[in-house]
Each structure stands twice: as C-alpha cells, then as structure tokens.
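Hydrogens, waters and symmetry mates play no part in the numbers below; they use all other heavy atoms, side chains included. Reminder, nothing fancy here: chain letters follow the sequence lines and each chain counts from 1.
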Amino acid sequence: MPELPEVETYRALATRALGRTIAAVEAPDAWFLKAGLRPDVVVSTLTGARFVADRRIGKLLLLDTDIGVVVGLRFGMTGRLLVDGIAAIARLEYAGARDNTTWDRFVVRFADGGDLRVRDPRRLGGVAFDPDESRLGVDALAVTPSQLSALLRGSTAPLKARLMDQTRLAGLGNLLTDETLWRAGLDPARPSGSLSGPERRRLHRHLRRTLTELSARGGSHTGDLHIARSRGACCPADGAPLDRRTVGGRTTYSCPVHQH
DNA sequence: ATTGTGGCCTGCCCGC
DNA sequence: TGCGGGCAGGCCACAA
C-alpha cells in the first residue's frame with residue numbers, strides 16, 4: 001500500500017504535470033472529496049489553472065497551483081497516481097491486479113491532451129484543498145536522531161503506534177513499521193518511552209536504512225519480513241515462528257526471539 | 001492531552 | 001460452480 005516510498009514515487013511522477021494548463025477536471029465521486037470540498041467547486045477553481053510545484057509530507061502529496069490553492073492528494077491503501085497514462089507503480093499490494101477506469105476518483109485533464117488521475121478501488125484516499133500541513137509531524141525520511149528521541153520520550157503508547165502516529169512522524173504505515181522494528185530488534189509493543197539511548201539510535205539507523213533499501217527495491221511491500229511472512233511464518237533471521245498480534249490496532253508480525 | 005477503539009470502503013481469497 | 005464471510009489498513013470521529 002502507499003507508504004512513504006510509494007508516495008515519493010508519485011511525487012516524482014507528478015513533476016510531469018507541472019506548468020501545464022488545466023482544461024477540465026472530473027470529480028465523479030463526491031465522497032472522495034474531503035473537508036467539505038464540492039465537485040462543482042473543484043472543477044470551477046482548477047479549470048484554467050496550472051500546477052507549479054510538487055511536494056510531499058509523509059503520505060500526503062501536495063500540488064501547488066498558480067492561483068494559490070494547494071491540492072492535497074491522499075491514497076489510502078489502494079490509491080495510485082497516473083500521469084499521461086503512466087503509472088508510477090504498476091501494481092499495488094492489496095489493490096488487485098486489474099486496471100479499471102471506473103476506479104478513477106479524480107481526473108485533471110490538461111490542454112495538451114494529457115491527464116493526471118487518482119485511481120483508487122477502495123476509495124480510502126481523498127482530495128482536499130489547502131490541507132492543514134501543520135497537523136503532520138516531521139517526515140520519516142528527514143527525521144533526525146534527536147527528533148526521533150523527542151517524539152518517543154515520555155510516552156506509554158506502544159512503540160509501533162507512536163511511529164505510525166502521522167501527527168508526530170509522517171510517512172510510516174503498517175508494513176514499513178513492522179519491517180523497521182524487526183530489523184532493529186525491537187518489540188512493537190514496548191512502551192515508546194522505555195527505549196534506551198542506544199536503542200533509540202539503533203531504531204533511527206534502521207529506519208533510514210529500511211526506507212532507502214525498500215525504496216530501491218520497489219516499495220514498502222519488499223521488506224524481508226513481509227516476503228517471509230507470505231511464504232511461511234518463520235523469522236528470516238533466526239527461523240523462529242513469528243508472532244502475529246494486534247498492536248496499535250494493526251495486525252503486527254514480529255519475532256519473539258530477537259525483538260525485545 | 002494522550003491513548004485506545006470502531007467504522008468507513010471494496011477487491012480478493014478461502015471454505016463450503 | 002457460486003456464494004458468503006473474513007481480511008487487508010490509512011484515516012477520522014469519538015470514547016475513556
């Protein structure tokens with residue numbers, strides 16, 4: 001599903017859409033529009049405008065326009081971005097293999113004939129104008145060791161829940177978090193504030209490494225833990241049967257032997 | 001304020 | 001072969 005690496009790929013693809021005049025907008029699914037946005041408002045506002053910058057904070061893709069409005073795109077767990085018929089990601093975990101234009105929830109047509117579209121089978125994503133960027137924490141790709149320590153310190157919430165709290169750290173979803181904690185040898189259910197200094201530094205190191213490695217491999221579903229889980233239920237590191245639990249309200253896989 | 005829970009949405013997989 | 005229940009998780013509203 002779209003976590004930070006996928007949305008970063010979407011952002012790079014969206015660069016193709018910059019500077020092109022918007023000739024038409026289709027918002028066929030009013031439910032997909034968030035924060036009170038209405039289809040007629042989306043259409044009338046964006047028609048004639050142009051995107052001038054692409055940005056990303058965590059899993060939120062931001063497209064600045066030349067009229068001052070910022071278009072915020074969220075992709076939920078099955079949303080994909082296509083520009084000029086090019087998909088940033090061909091197939092998405094959990095999203096199904098088929099392509100279907102009836103899943104296009106938001107389409108921007110350019111005067112030159114191309115288009116930008118959000119294709120989301122399960123409709124868990126959304127489009128908003130001027131999303132509140134201050135509600136998102138520091139981006140997981142940019143977080144410093146001291147920032148990570150600060151957001152963990154003093155909290156009794158499970159480590160996994162804290163790392164997935166988008167208001168504190170933006171970009172990690174279920175798969176990336178499980179993979180990072182598995183690599184760092186940390187129990188997802190540990191109280192966040194219980195980590196020692198060395199453990200926090202270890203977590204930071206593995207967070208960075210996991211993000212860059214999985215991005216290079218092709219996405220948040222390419223982690224060693226995730227791949228192993230689909231084959232069997234044994235830890236790829238030490239062969240122990242993996243634990244399957246609910247932590248922070250999410251299905252969680254971890255190794256009882258090397259994660260503490 | 002912080003932490004926890006349930007519901008939204010729908011394609012797909014499994015068992016009958 | 002068809003059917004139905006359960007599952008997946010990002011995000012938000014709401015409860016404690």
Side-chain angles (χ1 to χ4, degrees), chain A residues 1-10 27-37 56-62 72-81 89-106 118-128 131-137 139-140 150-181 188-194 214 219-223 225-227 229-231 233 242 244-254:
Chain A
M1 78 282 325
E3 301 186 35
L4 189 154
E6 283 78 14
V7 181
E8 175 60 20
T9 309
Y10 295 171
D29 185 357
W31 192 90
F32 207 72
L33 304 179
K34 307 301 179 183
L37 192 56
R56 180 192 58 78
I57 306 174
K59 307 172 197 173
L60 176 65
L61 178 60
L62 299 158
L73 301 179
R74 292 191 177 281
F75 299 92
M77 70 178 281
T78 58
R80 293 192 301 151
L81 185 74
I89 293 176
R91 227 182 60 213
L92 210 53
E93 194 85 342
Y94 303 125
R98 289 180 297 122
D99 259 333
N100 194 336
T101 52
T102 64
W103 295 333
D104 289 347
R105 313 298 179 188
F106 182 68
V118 177
R119 185 168 294 172
D120 184 2
R122 296 188 197 173
R123 303 170 75 208
L124 286 167
V127 178
D132 186 356
E133 300 177 26
S134 70
R135 288 184 54 197
L136 289 172
D139 188 80
L151 68 89
L152 296 176
R153 195 173 297 126
S155 169
T156 60
L159 183 53
K160 175 171 180 174
R162 198 73 168 183
L163 293 175
M164 288 180 66
D165 183 344
Q166 303 298 305
T167 69
R168 303 180 190 278
L169 183 66
L172 296 190
N174 201 38
L175 303 186
L176 275 178
T177 308
D178 274 8
E179 177 77 13
T180 298
L181 293 174
R190 274 272 295 278
S192 303
S194 72
L214 269 53
S220 50
H221 62 287
T222 60
L225 176 63
H226 185 69
I227 292 168
R229 180 190 68 182
S230 62
R231 288 205 219 108
L242 291 172
R244 184 184 187 276
R245 291 175 289 173
T246 297
V247 179
R250 295 290 155 220
T251 302
T252 302
Y253 286 86
S254 62

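A/Asp165 has its CG atom 12 Å from the C1' atom of B/dA1, to the nearest Å. Whole-Å rounding puts the A/Asp178 CG to C/dG10 P distance at 10 Å. Taking atom CG on A/Asp120 and atom C1' on B/dC9, their separation rounds to 9 Å, with Å as the unit. Following rounding to the nearest Å, A/Lys160 (NZ) and B/dT3 (P) show an atom-to-atom distance of 17 Å. The separation between A/Arg122 atom CZ and B/dC13 atom C1' is 11 Å, rounded to whole Å. Rounding to whole angstrom units, CD of residue A/Glu6 and P of C/dG10 are separated by 10 Å.
You won't find any donor-acceptor pair under 3.5 Å spanning the side chain of A/Arg74 and the base of C/dG10, going by distance alone.
Of the two residues contacting DNA chain B, namely A/Ala157 and A/Arg250, the nearest-nucleotide position lying further toward the 5' end is that of A/Ala157. Heavy-atom distances to DNA chain B give each of A/Arg105 and A/Gly248 a nearest nucleotide, and the one nearer the 5′ end belongs to A/Gly248.
Minimum atom distance to the side chain of A/Trp31 is reached by B/dC9, of the listed C/dA8, B/dT3, B/dC9.
In terms of phosphate contacts, A/Arg168 brings a side-chain nitrogen or oxygen within less than 4.0 Å of OP1 or OP2 of B/dT2.
Salt bridge status for A/Arg168 with A/Asp165: present, with a side-chain N to carboxylate O gap under 4.0 Å.
Between A/Phe75 and A/Tyr10, the gap from one ring centroid to the other is short of 6.0 Å.
Two end axes, each from the C1' atoms of five base pairs, can be drawn for the helix from B/dT2-C/dA16 to B/dC16-C/dG2; they diverge by 40°, to 10 degrees.
Taking CE of A/Met77 as the reference point, atom CD of A/Glu3 lies at 10.0 Å (rounded to 0.5 Å).
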